[in-house]
Amino acid sequence: MFVDVLNEEQRAAATHPGGPLLVLAGAGTGKTTTLAARVAWLIEQGAAPERVLLLTFTRRAAREMLGRARTFLGRSSRGRHAGRVVGGTFHSVAHRFVRRHAAALGLPGGFGVLDAGDAADLMDLVRQEAGLGQTGKRFPRKSTLLDIYSRTVNAQRPLRELLAEAFPWCERHGEELGRLFVEYGARKRSLGVLDLDDLLLHWRALARDPAIGGDMGRSIEHLLIDEYQDVNGLQVDLVRALRSERRDVTAVGDDLQAIYGFRAALARHILEFPEHFPGTAIVTLERNYRSTQPVLDVANAVAEQAEVSYPRRLRAEASGEAGGLAPSSEGAHAPASPPELVLCLDEAAQAGEVCDRVLDARERGALLREQAVLMRASHDSDLLELELARRDIPYVKYGGLRYLEAAHVKDFLALLRLADNAADRLSWFRWLQLLEGVGPAIARRVLEALEPDAGGLADVLARWPSAREALPSEAREAADAVVGALAAVAGEPGAVAGERAAGVGGDGPGALAAGVRAERLRDALAPIVAAHYPDGPVRLQDLDALVAAAGQASDLGRFVADLVLDPPATSQDLAGDGSLDEDWLVLSTVHSAKGLEWRAVHVLALYDGNFPSDLSAGDREAIDEERRLLYVALTRAQRELHLYVPVRYYHRPRGSDDGHGYGKPSRFLTDDVQALCRRTDTTGIGVDPEGEIAAARGAARIEVSVDALFT
DNA sequence: ATACGACGGTTTTTT
DNA sequence: ACCGTCGTAT
């Protein structure tokens, strides 16, 4: 029986008979295994798989857990059924429900979902049209505007309070922001689009509706939520609404790993769970099967510094007979070595040191993909990426600038959206401006003539011949090609003869396959993209990857929506498993590394100002969150941990002028922590344990500057 | 009136 | 390396 491989606490959690259950699972304690086992156990006890709902933080996590649940259940018919469990992120599951009940919510059936970039663009558009923020005073930029809006919605708190607390430098614009946000909401409604926050808001509204919500709640026999320490107020509301009648709910999490405060998550929520669900059984998992004790010692020492915490120490189990230890190719009796603290002169030197150690670990038997370089901010790896390329070390990077955020990819997505929904004004507005000599003003005029949301696709296309007159004559032909392609691939039957992928895919009878449609659009857009961007050819390759991915999808509309809800972390992800047998190093932000583990972990740029970030200085809760972030990074390591501290950094990244200063090691690397590490000083200038730099004291005293001559 | 090039300032992290 | 603003050329 599969529960036999679990330890006592894990088994208690997995086989909890019913009613609310809270699993406090420290890092590496087999949380994934336990949750997967619980799903398997529920099914084995007779729960209908499609009535089990598993909410996870990423879709990858859902896949992994359901895969393991299936393994647990074996080849029985129940095992096959595990695939029918409903699983995904809050947002992707919300999308499913909202689509199903779109009519009741007054939404068009094929409503579009805006990703963060689209939403910021719309916010900006609304701001311009409302004439807000034109006062010449510094006004928040569009992405900041969306951050503020989103955080207010997710925290479910008044804008005023939130500004004072999290965006004090924007407080003076409070009134304008309020008006802007109301207008933004109205505009989304009139466009028939939802942003990511709306998905949750609409799901909550459904869940609270006596009729629809009642059915919904009753149809979910068991609700399981992973990473509960990172849910926000809106998500807590949702969970409570879904459980107003039934009491079967399992939450799993670790308040020591709460790192999404910037998204309005509060670790407090996990501690309040027992109050929200009276009679909650609590199970605590403390046995760590992932890391060696020296690694855990350092992590524990970091966690202990927290101002407010319920102290818990992770203990390493001798070897992993139970739970989530990935098989290691190295002998279990290899001595556990203490983490290494590597002092580097600057970030360039750091890049070299990281490469040296990565290759060294590889010599000792750790594949590149069993190693990861983790960082606070995605640009921390800029220099490292150059060095990796120079040394021919392949890598993939997670987090940071997403593939989907590249301008040309968004241009293409706009076209893909139009293929399904010609009424999407935003998408028209976007691609029209790619044309030579076309800016916002002309694009707007074309839209006026086109009236995209009046009538069906055929009506809109019928207006094109007159609408195109607003374009400068040089641009008309290129635009015709795009509109022609749109007409040819449009979802409606009768658009084009021949080339039908008869019976293939879910686009309905007479429709072209998603891949063919995507390809047509790509071909029409290619000359425009090539002309509009200086590095055209490279960008076109990205579009090819997208076309290939669309080819795997059954329905173009769903393909685009899924892309927004579950963006590929890297272009390699999108391409699929083309390079499956290749070995590569993983680069990732700490946030994106959540829930993962590697044999060797390298943590970059541990100097004060970067990790913890300067932006969090002064706010105790923010500093605590940065500390938990480091804790998450440290606990990703199985056997090897390297911490890098560049002591000199350049103030102006402009160039080689000597505008540098000396930074201190991260305040989290206290004496206690450092005492648990092996120090390697590669700077050659001497750094003492407090981070005082001999050279800095001398250098700071003597200053040479002729700046005074020029002012 | 509009588009585009030059210039200066820049709050990480993600569904 | 990006975004927003301003000046200029069309």
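Below, chain A is the first sequence line, B the second, and so on; all start at residue 1.
The distance from atom CG of Leu374(A) to atom P of dT14(B) is 12 Å, rounded to the nearest whole Å. Rounded to an integer number of Å, the gap from Leu434(A) CG to dC4(B) P is 11 Å. In this structure, CD of Glu227(A) is placed 19 Å from P of dT13(B), rounded to the nearest angstrom. As rounded to whole Å, 13 Å separates atom P of dT14(B) from atom CG of Leu596(A). Rounded to whole Å, atom C1' of dT13(B) lies 16 Å from atom CD of Gln257(A). Here the P atom of nucleotide dT15(B) and the OH atom of Tyr398(A) are 13 Å apart, to the nearest Å. The nearest whole Å value for the distance from the NE2 atom in His91(A) to the C1' atom in dT14(B) is 9 Å. Regarding Asp147(A), its CG atom lies at a distance of 12 Å from the P atom of dT14(B), rounded to whole Å.
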ring-ring contact (aromatic ring centres under 6.0 Å, His included) between Phe97(A) and His202(A), worked out: CA-CA 9 Å; Phe97(A) 281 118; His202(A) 284 74; over 10 Å; no
Derivation of the side chain to side chain contact (heavy atoms under 4.5 Å, CB included) call for Lys594(A) and Asp230(A): CA-CA 11 Å; Lys594(A) 181 170 159 176; Asp230(A) 284 322; 2.3 Å; yes
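For DNA chain C, the stems formed by at least three consecutive Watson-Crick or G-U pairs, with both atom-pair distances below 3.5 Å, span B:1-9 with C:2-10.
Looking at residues two or more places apart in sequence or on another chain, you find a side chain to side chain contact (heavy atoms under 4.5 Å, CB included) between Asn610(A) and Arg376(A), Asp380(A), Ala605(A), Tyr607(A).
Between Ser592(A) and dT14(B), a side-chain N or O to OP1/OP2 separation shorter than 4.0 Å is present. Under 4.0 angstrom from either OP1 or OP2 of dC2(C) there lies no side-chain N or O belonging to Arg141(A). Between Thr589(A) and the phosphate of dT12(B), there is no side-chain N or O to OP1/OP2 separation shorter than 4.0 Å.
In this structure, Arg263(A) satisfies the cation-pi test against Tyr260(A), with its NZ or CZ atom closer than 6.0 Å to the six-membered ring centre and inside 45 degrees of the ring normal.
Ring to ring, His91(A) and Phe57(A) are not that close: their centroids are 6.0 angstrom or more apart.
Nucleic acid contact class of Ile442(A) (heavy atoms, under 4.0 Å, all strands): sugar-phosphate only. Among the heavy atoms of the strands, none lies under 4.0 Å from Arg444(A).
When the nearest nucleotides of DNA chain B are assigned to Ala441(A) and Ser150(A) by heavy-atom distance, the more 5′-ward of the two goes with Ala441(A).
Under 3.5 Å, the side chains of Glu385(A) and Tyr395(A) contain a donor-acceptor pair of N or O atoms.
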